[in-house]
Amino acid sequence: MLIDFFFTLKDAKIPVSIKEFLTLLEAMQKNVIDSSMDDFYYLSRLTLVKDEAHFDKFDRAFAQYFKGINGAFETNSAIPLDWLIKRMERELSDEQKAALEKFGYDKLMDRLNELLKEQKERHEGGSKWIGTGGTSPFGNGGTNPEGIRIGGKGGNRTAVKVWEARAYKDYDSERELGTRNIKVALRRLRKFAREGHEDELALDQTIRATANNAGFLDIKMQPERKNNIKVLMLLDVGGTMDDHIERTEELFSASKTEFKNMEFFYFHNCVYDYLWKNNRRRNAERFPTWDVLRKYTPDTKVIFVGDATMSPYEILQPGGSVEYNNEEAGAEWLARFTHAFPKFIWLNPEPEGLWQYRQSIAVIRQIMNNRMFPLTIEGLERAMRMLSK
């Protein structure tokens, strides 16, 4: 039954060979895993995929072949779905929006717990209950300066917490660029050195040695010239970053080409106590942030990529993450990165003209010592000059 699975991977342009496929079959015959889909996923990925750049393609092909796999990412909420059906939106004036009350983080969470006990039916267009539209801090489709989004899609980007299972998509490192300008800008950071085996002809040295040897050929060899810059890229994914996927993928693809010694990790909105490399498996394959901080040497160049658009609580408040109760504030983790790696920048795909309207951007810029640059060609050139100093 797995022959069609093998051809599905080939159709997805994953370079899997017959030998690797036979290794998978042999492992299954010897019962090296239990009878679970998760165990089979890890075994098949281990035996069939030799480059992590193909993990995203493998995940898509795996989900396509074993239909229903996406059901693992769904959530069962105690709030009835019909309460959250979007039926009406209220248009508020700027004055009405400014008059809306901000609860504060702790009070907001306490109030939600009270409503979950009291509410018995769905509401829409109101200012108190969990519902849709309206000005209530709880629900979706409405307007509130600080709220908890429950069901539905966000629109005003002011949610302090988000109640849903969220699945993100990896950035494609093989995306074809529409322009070479990004690569040209990144090349300002390159630092070449000759290390390793002497397997390349040193033409100038050979000519000089031959001349000094009365014309008798004296061949000199040298190691290949390689870019030895080490780059650690931390990429914001999901939420408001969905608006910037195309440009971020272009940057990611160009960076993978230009920097051979590059590692990357994902985060959502702000860095907390763990990072991940595979968005489909981010709940199972996590990398403690402390391990990342200790693994790389201080001369590593750190590049954050994100729109820095979130509730300020997500940066400054323990438990402020929209997805879980983080023990330490995101600002603490960002500060640890800036202290561990003196060469760091933040690339922001959000238009620079909008930065003044985002309180969270001002907070991130302060933590980054104003080393935030727009994700434009001119911004990239300034950023690379900063990292090269």
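As the structure is a computational prediction, the values presented were derived from the model and not from experiment. FYI, the numbering just counts along the sequence from 1.
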Subject >> Glu285 bridged to Arg45 by N-O distance under 4.0 Å >> reply: yes

**OP:** Rounded to the nearest 0.5 Å, what's the gap from CZ on Arg336 to CZ on Phe341? Could you check?
**Re:** 13.0 Å

**OP:** Find the distance between NZ (Lys13) and NE2 (His54) and round it off to the nearest 0.5 Å.
**Re:** 12.0 Å

**OP:** May I ask you to test the Leu347-Leu251 pair for a side-chain heavy-atom distance under 4.5 Å?
**Re:** yes

**OP:** Identify, with sequence neighbours excluded, every residue that meets side-chain contact (heavy atoms from CB on, under 4.5 Å) alongside Leu354.
**Re:** Glu350, Pro351, Tyr357, Arg358

Original post:
Closest heavy-atom contact between Gly306 and Trp346?
Top reply: O-NE1, 2.8 Å

**OP:** Check whether any side-chain heavy atom of Cys270 sits under 4.5 Å from a side-chain heavy atom of Leu334, and report yes or no.
**Re:** yes

Subject >> Any donor-acceptor pair under 3.5 Å from Thr210 side chain to Asp218 backbone >> reply: yes

Original post:
Same cluster for Phe58 and Ile3 if Ile/Leu/Val/Met/Phe/Trp/Tyr side chains link at under 4.5 Å?
Top reply: yes

Original post:
Between the side chain of Ser360 and the main-chain N/O of Ala308, is any donor-acceptor distance below 3.5 Å?
Top reply: yes

Original post:
Counting only N and O atoms by type, is there a donor-acceptor contact under 3.5 Å from the side chain of Lys230 to the main-chain atoms of Asp299?
Top reply: no

Original post:
Is the closest side-chain heavy-atom distance between Arg280 and Arg60 below 4.5 Å?
Top reply: yes

**OP:** Decide side chain to side chain donor-acceptor pair (under 3.5 Å) for Asn326 and Asp273; before the verdict, give the C-alpha distance in whole Å, the side-chain angles of both, and the deciding distance to 0.1 Å.
**Re:** CA-CA 7 Å; Asn326 50 299; Asp273 52 316; over 6 Å; no

**OP:** Check ring-ring contact (aromatic ring centres under 6.0 Å, His included) between Trp333 and all other residues, then give those that pass, not counting sequence neighbours.
**Re:** Trp290

Original post:
Do Ile345 and Met372 come close enough that some side-chain heavy atom pair is under 4.5 Å?
Top reply: no

Original post:
Within the distance-only criterion (no hydrogens, no angle test), does the side chain of Ser253 pair as donor or acceptor with the backbone N or O of Glu249 below 3.5 angstrom?
Top reply: no

**OP:** Taking all heavy atoms of Pro342 and all of Arg371, pick out the closest pair and write down the distance.
**Re:** O-NH1, 2.8 Å

Subject >> Any donor-acceptor N/O pair, Thr206 side chain to Ile219 backbone, under 3.5 Å >> reply: no

Subject >> Side chain Lys301, main chain Leu387, donor-acceptor under 3.5 Å >> reply: yes

Original post:
Regarding Glu314 and Asn269, is there a side-chain donor-to-acceptor distance under 3.5 Å anywhere?
Top reply: yes

Original post:
Residues in side-chain contact (heavy atoms from CB on, under 4.5 Å) with Tyr274, at least two apart?
Top reply: Trp276, Arg286, Tyr324

Subject >> Heavy atoms from other residues, nucleotides or ligands near CZ of Phe7 exceed 12 (cutoff 6.0 Å) >> reply: no

**OP:** Check whether any side-chain N or O of His268 sits under 3.5 Å from a backbone N or O of Val237 as a donor-acceptor pair, and report yes or no.
**Re:** yes

**OP:** Please work out which of the three classes, parallel, tilted or perpendicular, describes the rings of Phe264 and Tyr266, given edges at 30° and 60°.
**Re:** perpendicular

**OP:** Indicate yes or no for a side-chain donor-acceptor contact from Thr309 to the backbone of Asp307 under 3.5 Å, with no hydrogens or angles considered.
**Re:** yes

Subject >> Non-neighbouring partners of Leu232 that pass side-chain contact (heavy atoms from CB on, under 4.5 Å), sequence neighbours left out >> reply: Leu234, Glu263, Phe265, Val292, Tyr296, Thr300, Val302, Phe337

Subject >> Shortest non-hydrogen separation from Phe373 to Ala383 and the atoms involved >> reply: CD1-CB, 3.7 Å

Original post:
What heavy-atom pair brings Phe6 and Ser17 nearest, and what distance separates the two atoms?
Top reply: CE1-O, 3.6 Å

Original post:
Can you list the residues that meet the side-chain contact (heavy atoms from CB on, under 4.5 Å) rule with Asp204, with sequence neighbours excluded?
Top reply: none

Subject >> Shortest non-hydrogen contact from Tyr42 toward Ala284 >> reply: OH-CB, 3.3 Å

Original post:
After noting the C-alpha distance and the side-chain angles of Glu352 and Arg365, does the key distance pass the salt bridge (charged side-chain N to carboxylate O under 4.0 Å, His left out) rule?
Top reply: CA-CA 12 Å; Glu352 193 170 6; Arg365 289 183 72 184; 5.6 Å; no

Original post:
Can you tell me how far the OG1 atom of Thr289 sits from the CZ atom of Arg294, to the nearest 0.5 Å?
Top reply: 11.0 Å

Original post:
Quick one: are Ile14 and Leu48 in side-chain contact, heavy atoms under 4.5 Å?
Top reply: no

Name every donor-acceptor pair, under 3.5 Å, that has one atom in a side chain of residues 21-30 and the other anywhere in the protein, sequence neighbours excluded.
residue	atom	partner	partner atom	Å
Thr23	OG1	Lys19	O	2.9
Glu26	OE2	Lys30	NZ	3.2

**OP:** Flag the pair Glu20 / Lys50 as yes when at least one side-chain heavy-atom distance between them is below 4.5 Å, and no otherwise.
**Re:** yes

**OP:** Using modelled atom types only, decide if a donor and an acceptor are shared between the side chain of Asn213 and the backbone of Gly215 within a distance under 3.5 Å.
**Re:** no

Original post:
How about Pro312 and Gln317: do any of their side-chain heavy atoms sit closer than 4.5 Å?
Top reply: no

Original post:
Among side-chain atoms of Asp59 and Tyr41, is any donor-acceptor pair under 3.5 angstrom?
Top reply: yes

**OP:** Verify, without hydrogens or angle tests, whether Arg247 (side chain) and Leu375 (backbone) share a donor-acceptor contact under 3.5 angstrom.
**Re:** yes

**OP:** Evaluate the side-chain proximity of Ser255 to Met233: yes if any heavy-atom separation is below 4.5 Å, no if none is.
**Re:** yes

